[in-house]
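First the structure, in the form of structure tokens, and then the observations on it.
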Amino acid sequence: MRKRLMAGTAAVIIIGFFAAFALAAKLIQDQYFLSVTLPAEELNHAVVMVWFYMMIASTLGSALVMLIVWLVCNRILKPLKKLSDISLELAEGDYTSRAEDKDIDEIGALARTFHLLEEKTQYAIEEMKSKQCQLEGVLQVMNDGVLAVNSENIVLFVNNSAKDMLGIASLQTNKALEGSLLVRKVAAFMRQALQEQKTVTDTAVSSVNLQGERILTVYATPIQNNNEAAALAVIADVTHISQLEQLRSEFVANVTHELKTPLTSIRGSIELLKSVDRDKETRRYFYDVLDIEAERLHHLIEDMLVLSQIEHAKPEQTDQKCDVAEEIRQTVARLSSIAEKEHITLHTYLQNSIFVACSPTRLQQMLGNLIENAIKYNQPNGSVTIFAEEFRQMAVIRIQDTGIGIEEEHFGRLFERFYRVDASRSRFIGGTGLGLSIVKHLAVLYGGEVSVESTVGIGSIFTVRLPLMLAG
């Protein structure tokens, strides 16, 4: 529009010039008048031509301007559209696209900045994913169960340990936390943590394990998950710890009882001896009681020390080649006097050249406890038979007696410390209740095992299996 106004002004000036030239007359030497004129048709034609050329020039100028504007806009808008498309791809999670940064103007600088932003964003996302995978890997291999749910009781995360403890192998994320009474109890703990906005600690008992009840401690605490309220629960299996606490309590009670019984007898005998003068026969009786009870205390303390040493011992670094048959013969010879006193016959059926890697003293201690029990808990004029043979790369030792036998209900606890099938008879014959526990600990120490078979009124068979010593 501005160019058109300028062109119109120029045309008016030209026409005015010609008009002034045509109308003006000039006096020359006071005699003549000089006048120049043009025909009106020619003047009109000149004006039309001027306007014609002005229109052509205006049209061409406008087209040129539009072309230049289109080229400039296209050069500016195309990179901006590319940046806009890349922004959308970034928002959708695609971080592989890159903006072109060849230009040196402001658009090129913006593209280079955007390119740097893409690289840093991709690196940050990849690092975050890597740390998330590492965290999930750590949580999956944890022995403790980890469970997270949102306010709608939808599972956000669960590891394998939690599935095992809760007894729901099919539990998955984005599913509702539903199931057994234990699951509902854990869900209630987590809801309580969300409502009270504090950590909740409680205990739950699980019976989903075929091995028996499991005692679980649940720690539930509120967390934030993408600005959404959620709860995290850590489930710990404290069954073993509870069992150890129970064993410790029972051990203290048993030791106290075992020590108190002979000490009470000793103190009573001493008080009776001090009260009045006793005849020689009575004094001898009380001296025998003191001797028996002191011997019982000695054996009890000795067995407790031995058991403690075995529990904290490790197999020797240099394995000793131990001949099973020879150690059995020596043990039988040592106990033959006890067997003869109890009218028990000892028989041995031994395979020679059976060697195990253990201490000969420990092996004799293990065999001695089993054979001595077989003698003490036998029937009058009974027998004890010891077998030793090699079977499937194991040294198998069996001690069979013709004793009173053991009911099957006692098998599970027979090798526990201070456990007695018949407490009154055990104390009468001087047992401490630690012999079979020592046998089990020794067998385990050398990579073996011990088992029992028994029939009430017929007898028992205790079997010890130890790995054979490797040749070389």
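These numbers come from a predicted model, not from an experiment. Side-chain atoms are counted along with the backbone in the values below, which use heavy atoms only and exclude waters and symmetry mates. The first residue in the sequence is number 1, and the count goes up from there.
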Minimal non-hydrogen separation, Glu372 against Leu335, with atom names: N-CD1, 4.0 Å
Could you tell me if Thr402 and Asn378 have a donor-acceptor pair between their side chains, going purely by distance under 3.5 Å? yes
Which atom pair, heavy atoms only, marks the closest approach of Ala233 to Val218? CB-CG1, 4.4 Å
Within a radius of less than 6.0 Å around CZ of Arg284, do more than 12 heavy atoms belonging to other residues, nucleotides or ligands occur? no
Determine whether a donor-acceptor pair (N or O, by modelled atom type, separation under 3.5 Å) exists between the side chain of Thr239 and the backbone of Ile215. yes
Heavy atoms, side chains only, cut-off 4.5 Å: are Ile386 and His347 in contact? no
Tell me if a side-chain donor or acceptor on Asn159 pairs with a main-chain N or O of Asp144 at a distance below 3.5 Å. yes
Please list all pairs meeting salt bridge (charged side-chain N to carboxylate O under 4.0 Å, His left out) that have one or both residues in residues 391-405, counting only residues at least two apart or in different chains. Glu389-Arg398
What distance do Arg267 atom CZ and Glu271 atom CD have between them, rounded to the nearest 0.5 Å? 7.0 Å
So, using ring pair (Phe, Tyr, Trp, His ring centres under 6.0 Å) as the criterion, who are the partners of Phe462 when residues are at least two apart? none
Could you tell me if Thr221 and Thr199 have a donor-acceptor pair between their side chains, going purely by distance under 3.5 Å? yes
Is there side-chain contact between Pro467 and Met394, with at least one heavy-atom pair below 4.5 Å? yes
Student check: side-chain heavy atoms of Ile235 and Leu166 closer than 4.5 Å: yes
Would you compute the distance between atom CG of Asp164 and atom CG of Asp237 and round it to the nearest 0.5 angstrom? 8.5 Å
Trace of the side-chain contact (heavy atoms from CB on, under 4.5 Å) decision for Ile399 with Thr385: CA-CA 6 Å; Ile399 292 90; Thr385 306; over 6 Å; no
Quick check: do Ile397 and Thr463 have side-chain heavy atoms less than 4.5 Å from each other? no
Residue Phe387 excluded, over 12 heavy atoms near CZ under 6.0 Å: yes
For Gln351, is the CD atom crowded, meaning more than 12 foreign heavy atoms sit under 6.0 Å from it? yes
Give a yes or no on whether the backbone of Gly459 and the side-chain of Ser454 come within a donor-acceptor separation of less than 3.5 Å. yes
Closer than 3.5 angstrom, by distance alone: can the side chain of Glu327 be matched with the main-chain N or O of Val324 as a donor-acceptor pair? no
By the definition side chain to side chain contact (heavy atoms under 4.5 Å, CB included), identify the one residue from Ile438, Val444, Val439 that meets it with Leu442. Ile438
Would the number of heavy atoms belonging to other residues, nucleotides or ligands and lying under 6.0 Å from CD of Glu196 be above 12? yes
Answer yes or no: are there more than 12 heavy-atom neighbours, outside Gln197 itself, under 6.0 Å from its atom CD? yes
Would you indicate whether the side-chain heavy atoms of Arg334 and Gln364 approach each other to under 4.5 Å? yes
Can you give me the closest heavy-atom contact between Ile344 and Gln379, atom names plus distance? CD1-O, 3.4 Å
Closest heavy-atom contact between Ala395 and Ile354? CB-CG2, 3.6 Å
Return the CD1 to OG1 distance between Ile371 and Thr348, rounded to the nearest 0.5 Å. 9.5 Å
Point-to-point distance, once rounded to the nearest 0.5 Å, from CG of Asn352 to CZ of Phe355: 8.5 Å
Do Val384 and Ile375 come within less than 4.5 Å of each other through their side chains, counting heavy atoms only? yes
Answer yes or no: is there a donor N or O on one side and an acceptor on the other, between the side chain of Asn153 and the main chain of Ala176, under 3.5 Å? no
Which atoms form the tightest heavy-atom contact between Arg465 and Ser451, and what is the distance? NH1-OG, 3.4 Å
If you measure from CZ on Arg184 to CZ on Arg191, what distance do you get to the nearest 0.5 Å? 10.5 Å
Beyond-backbone contact of Glu342 with Lys376, side-chain heavy atoms, under 4.5 angstrom: no
Leu350 side chain reached by Arg329 side chain, heavy atoms, under 4.5 Å: yes
Closest heavy-atom pair, Ser336 versus Leu346, reported as atoms and distance to 0.1 Å, is CA-CD1, 4.2 Å
